Amino acid sequence: MNTITSKDGTPIAFERHGEGTPLILVYGATGHREFISLGAQLGGLLGATHTVYAYDRRGRGGSGDTVPFSVEREIEDLAALIAESGGTANVCGFSSGAVLAMDAAAAGLPITRLALYEPPFVVDDARPAVPGDYLERLDAYLAEGRRGEALELFFTGPCGIPAEFVAGMKAAPIWPELQKVAPTLAYDGRFMADTMTGRPLPRDRWSSISVPTLVMYGGATEPWLVNAARAVSDLLPSASLMELSDQTHDVAAEALAPALTAFLADGERA
């Protein structure tokens, strides 16, 4: 494990695999290197041409945390990793991590190419909107130390998982590990802000993104996530849309690698 220090002094843990053009992975809610081996898997598949960086977002895994939280601090964490990788980098974000990547690109970070996998926006009535008081309730649970209830709220709300399935998750060995990172649900909630309401995406928030962008979704994923990917593709002027056959929200490295290889190679030929 390696570490860098973000602008506010927070240590950020990361691993790197392969040699070549930097590709930084940004995981979504609760995700970090102890839960997700995608970084190592993609490093094995892309390592001949790319250095794949996987890092623990603040408050997770080997990374530290500093209060109070702000979305700007998470963008600074990514900026520090881009600096560590050589000053510019390709970035691939997953789920709510894709939204962080979009905000970072809009903030002007030196991102060469931007890949997004299933940003979880709710842009229509394909599924129920997330209640308007979600973040307020989440903050209250976390302030009272009720991490299990915060997780239940997240899984049944933004994730749309039926309550009976969440009850089964509570008996799984991973539940105590999820409770450790439950406070970071509030961080992702702030990136998602008002984008899960069933209304169209705001046009001004990401209007400054001009880098080539690949928006991906799985062929076996939920329809509302497909609609979200299409909405992002329509919103960004330099975006293209791609379906990864047979994939769900939990995308496999073997399906992702060819898409990333082709997309990043286009940038290197330009």
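What you see is a predicted model, and the numbers here were worked out from it, not measured in a lab.
- Checked against side chain to side chain donor-acceptor pair (under 3.5 Å), E74 has the following partners two or more places apart in sequence or in another chain: R57.
- With sequence neighbours excluded, the residues that form a side chain to side chain contact (heavy atoms under 4.5 Å, CB included) with P131 are D133.
- The salt bridge (charged side-chain N to carboxylate O under 4.0 Å, His left out) contacts involving residues 7-32 comprise D8-R58, D8-R73, E15-R33, R16-E84, where partners must be two or more places apart or lie in separate chains.
- Sorted by first then second residue, the ring-ring contact (aromatic ring centres under 6.0 Å, His included) pairs that include residues 89-139, not counting sequence neighbours, are F121-W206.
- Not counting sequence neighbours, N2 has no partner by the side chain to side chain donor-acceptor pair (under 3.5 Å) test.
- In terms of the salt bridge (charged side-chain N to carboxylate O under 4.0 Å, His left out) criterion, residue partners of R205 (sequence neighbours excluded) are, by chain and number, D103.
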Between side-chain atoms of residues 163-180 and protein atoms elsewhere (two or more places apart, or another chain), which donor-acceptor pairs fall under 3.5 Å?
{"residue": "K170", "atom": "NZ", "partner": "E152", "partner atom": "OE2", "Å": "3.1"}
{"residue": "E177", "atom": "OE1", "partner": "K180", "partner atom": "NZ", "Å": "3.3"}
{"residue": "E177", "atom": "OE2", "partner": "K180", "partner atom": "NZ", "Å": "3.3"}

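- With sequence neighbours excluded, no residue forms a side chain to side chain donor-acceptor pair (under 3.5 Å) with S63.
- For residues 139-163, there are no ring-ring contact (aromatic ring centres under 6.0 Å, His included) pairs, not counting sequence neighbours.
- You'll find the side chain of R137 reaches within 4.5 Å of the side chain of L153, heavy atoms only.
- In this structure, L46 and T261 have side chains that are in contact, with non-hydrogen atoms separated by less than 4.5 Å.
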Mind listing the side-chain donor-acceptor pairs of residues 22-32 below 3.5 Å, one per line with the distance, residues two or more places apart or on another chain?
{"residue": "Y27", "atom": "OH", "partner": "G39", "partner atom": "N", "Å": "3.1"}
{"residue": "H32", "atom": "ND1", "partner": "E34", "partner atom": "N", "Å": "3.3"}

Under 3.5 Å donor-acceptor pairs involving side-chain atoms of residues 227-241, not counting sequence neighbours:
{"residue": "N227", "atom": "ND2", "partner": "D124", "partner atom": "OD2", "Å": "2.9"}
{"residue": "S238", "atom": "OG", "partner": "S210", "partner atom": "O", "Å": "3.2"}

>> Between M242 and L214, is the side chain to side chain contact (heavy atoms under 4.5 Å, CB included) condition met? List the steps.
In response: CA-CA 7 Å; M242 177 180 287; L214 175 64; 3.9 Å; yes
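- Listed by chain and number, the residues in a side chain to side chain donor-acceptor pair (under 3.5 Å) with Q41 are S37 (sequence neighbours excluded).
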